[in-house]
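Beneath this line is the structure, given in structure tokens, with notes to follow.
Just so you know, ligand 1 is whichever comes first in the structure, and atom 1 is the first atom listed for that ligand. The first residue of the sequence shown is numbered 1, and numbering continues consecutively from there.
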Amino acid sequence: MNFDYSDSTKARIAKLNAFMDEHVYPNEEKYHQMVHASDDPWQTPALMEELKEKAKAAKLWNLFLPEEYLPHGAGLSNLEYAPLCEIMGRSMWSSEIFNCSAPDTGNMEVLAKYGNDQQKAKWLVPLLNGEIRSAFAMTEPEVASSDATNIETSIVKEGDDYVINGRKWYTSGAMNRNCKIMVVMGKTDPSAARHQQQSQILVELDHPGVTVVRPMSAMGYLDEPVGHAEVLFENVRVPAANLLVGEGKGFEIAQGRLGPGRIHHCMRLIGCAQRALDMACERVEQRIAFGQPLSKQQSVRESIASMYCKIEQARLLTLKAADHMDKYGNKVAKNIIAAIKIVAPKMACEVIDESIQMHGAMGTSQDTVLSATLAYARTIRLADGPDQVHMMQLGRNLVKQQAEKKA
Ligand SMILES: Cc1cc2nc3c(=O)[nH]c(=O)nc-3n(C[C@H](O)[C@H](O)[C@H](O)COP(=O)(O)OP(=O)(O)OC[C@H]3O[C@@H](n4cnc5c(N)ncnc54)[C@H](O)[C@@H]3O)c2cc1C
């Protein structure tokens, strides 16, 4: 593995950092004020559109889409995208500016990989252009959704249509006014083999029978203007052509989207943690307690050192995972993807928490990004599979591998 980025990656890093310095950090507070001052908290402020146009002009657009989807994306490898995604992760609202935010990225990959020509024209193209947003609805309040085979939403074929009934929650993005399409996971055949019962289908937000019931908070945050919705599906009748790939393929599609989705979360969280460390380093130099800057205290220096070590460990593991995905494919890289999904969110929680401690009361306030960032990092220990599920699968795979080696 090469421990340095290529010249073209370095140039993109410099360009993205310059964009963040000029357009993102100076607008952070203004953006949140605009969201909260608006009569409609689910309407994305116009500032976002202005910045998206600037990002497009700077060719900092759809950076997440790998080479196989050219000409749509930038054609970067996971390893090339990693440092860019990390930089975007430093500010929680910035990924959207570059059309690189979840769950749109996963949905675009799904549509690019599994969508037919009609689905691509209707949904993928406007998503790639950043004209609309999308959501992925799998989790249900009534069943333990970390085991996706539990999902109960029914998708029943009736003539040329499918009829959908069920209740979802924590459908990220579905509160936003610009969210037009959902990828919904449900069961087409509950009597089939365990992993062939599920299918995925496209459902428009404004389709008759779809009710966005309420916004769900996450650690007290509603995450406006994007949000996480509870969504009710009551006899939602959509054309059979809305089904992705075919009946029984839902699990396969879900697995396919989670590899890149998981590593992107980890990259962003490394950015969050790095920013928390940078902020801590600045704060402890300015703040005088007991006659000297906090930075002169040995325990503070140890904490800073420990934060740095944790971030570097997670970053190197994430880059190795990205490299494995590029070289051997997501399936072969599944163990190391599980490893980073276990390591990075926990690391980010610890590092951000430590930075809050060094900031004192201010760290818990609305005057820094730290508390919202901690809440976000904490939720990623659950989203796209809780830690324990990844540990269960990683542990199982490693024991099995060793047994195969000995056989
Ligand atoms: C902010 C946020 C955004 C989200 N966005 C989306 C979204 O856009 N779309 C979507 O579909 N879902 C989304 N989710 C939901 C998320 O994917 C689920 O919460 C997650 O899959 C866990 O499902 P569950 O909540 O039903 O927990 P449960 O399945 O009830 O599990 C509860 C706990 O049980 C433990 N557990 C589970 N299995 C095991 C095991 N094998 N061994 C030991 N312990 C175990 C884990 O600690 C787990 O956290 C989001 C969640 C949050 C918080």
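For Tyr308 and Gln274, the side-chain atoms include no donor-acceptor pair closer than 3.5 Å.
Short contacts between ligand 1 and Pro386, defined as distances under 4.0 Å to a heavy atom of the residue, involve ligand atoms 22 (C), 46 (C), 48 (C), 49 (O). Residue Met138 approaches ligand 1 through these ligand atoms, each under 4.0 Å from one of its heavy atoms: 10 (C), 11 (O).
Between Trp93 and His32, the ring planes lie perpendicular to each other; the angle is over 60°, past the 30° to 60° tilted range.
Among protein heavy atoms, the minimum distance from atom 20 (C) of ligand 1 is reached at Leu382 O, 3.5 Å. Looking only at heavy atoms of the protein, atom 6 (C) of ligand 1 is closest to Tyr170 O, 2.6 Å. Shortest contact from atom 12 (N) of ligand 1 to any protein heavy atom: Thr139 OG1, 2.6 Å. Protein heavy atom nearest atom 45 (C) of ligand 1, with residue, atom name and distance: Gln388 CB, 3.7 Å.
Each of Gln286, Arg301, Arg287, Glu285 was compared with Ser295 under the side chain to side chain donor-acceptor pair (under 3.5 Å) criterion, and only Glu285 meets it. Of the candidates Glu142, Glu230, Glu140, Arg167 forms a side chain to side chain donor-acceptor pair (under 3.5 Å) with just one, namely Glu230.
No donor-acceptor pair under 3.5 Å is formed between the side chain of Asn62 and the backbone N or O of Ala74. Between the Gln119 side chain and the Asn116 main chain, a donor and an acceptor come within less than 3.5 Å of each other. Between the side chain of Lys15 and the backbone N or O of Ala58, at least one donor-acceptor pair lies under 3.5 Å.
Across Val231, Asp384, Val389, Thr379, heavy-atom proximity to atom 53 (C) of ligand 1 is greatest for Thr379. Distances from atom 24 (P) of ligand 1 to the heavy atoms of Ser145, Ala148, Ala254, Ala229 put Ser145 nearest. The closest heavy-atom contact to atom 8 (O) of ligand 1, among the options Ala218, Gly261, Ser172, Ser146, comes from Ser172.
The proximity of Asp387 to ligand 1, defined as any non-hydrogen pair under 4.0 Å, does not occur for either the backbone or the side chain. Of the heavy atoms in Met392, only side-chain atoms (C-beta onward) come closer than 4.0 Å to ligand 1.
Here the side chains of Phe98 and Lys52 are not in contact, with every heavy-atom distance at 4.5 Å or above. At a threshold of 4.5 Å between non-hydrogen side-chain atoms, the residues Leu244 and Leu111 count as touching.
At least one cation-pi condition fails for Lys10 and Tyr5: the charged atom is not both under 6.0 angstrom from the six-membered ring centre and inside a 45 degree cone around its axis.
Under the 4.0 angstrom criterion, atom 32 (C) of ligand 1 counts as lacking any protein heavy-atom contact.
Geometrically, ligand 1 and Asp147 share no nitrogen or oxygen pair separated by less than 3.5 Å. Not a single N or O atom of His228, backbone or side chain, sits closer than 3.5 Å to an N or O atom of ligand 1. Between Phe136 and ligand 1, a contact under 3.5 Å exists for at least one N or O pair. On a distance-only criterion, Trp169 and ligand 1 share no N/O pair closer than 3.5 Å.
Proximity of Ala383 to ligand 1 is established by a heavy-atom distance of less than 4.0 Å. Ligand 1 lies within reach of Val143, whose nearest heavy atom is under 4.0 Å from it.
Closest heavy-atom contact between Phe136 and Pro103: N-CG, 4.2 Å.
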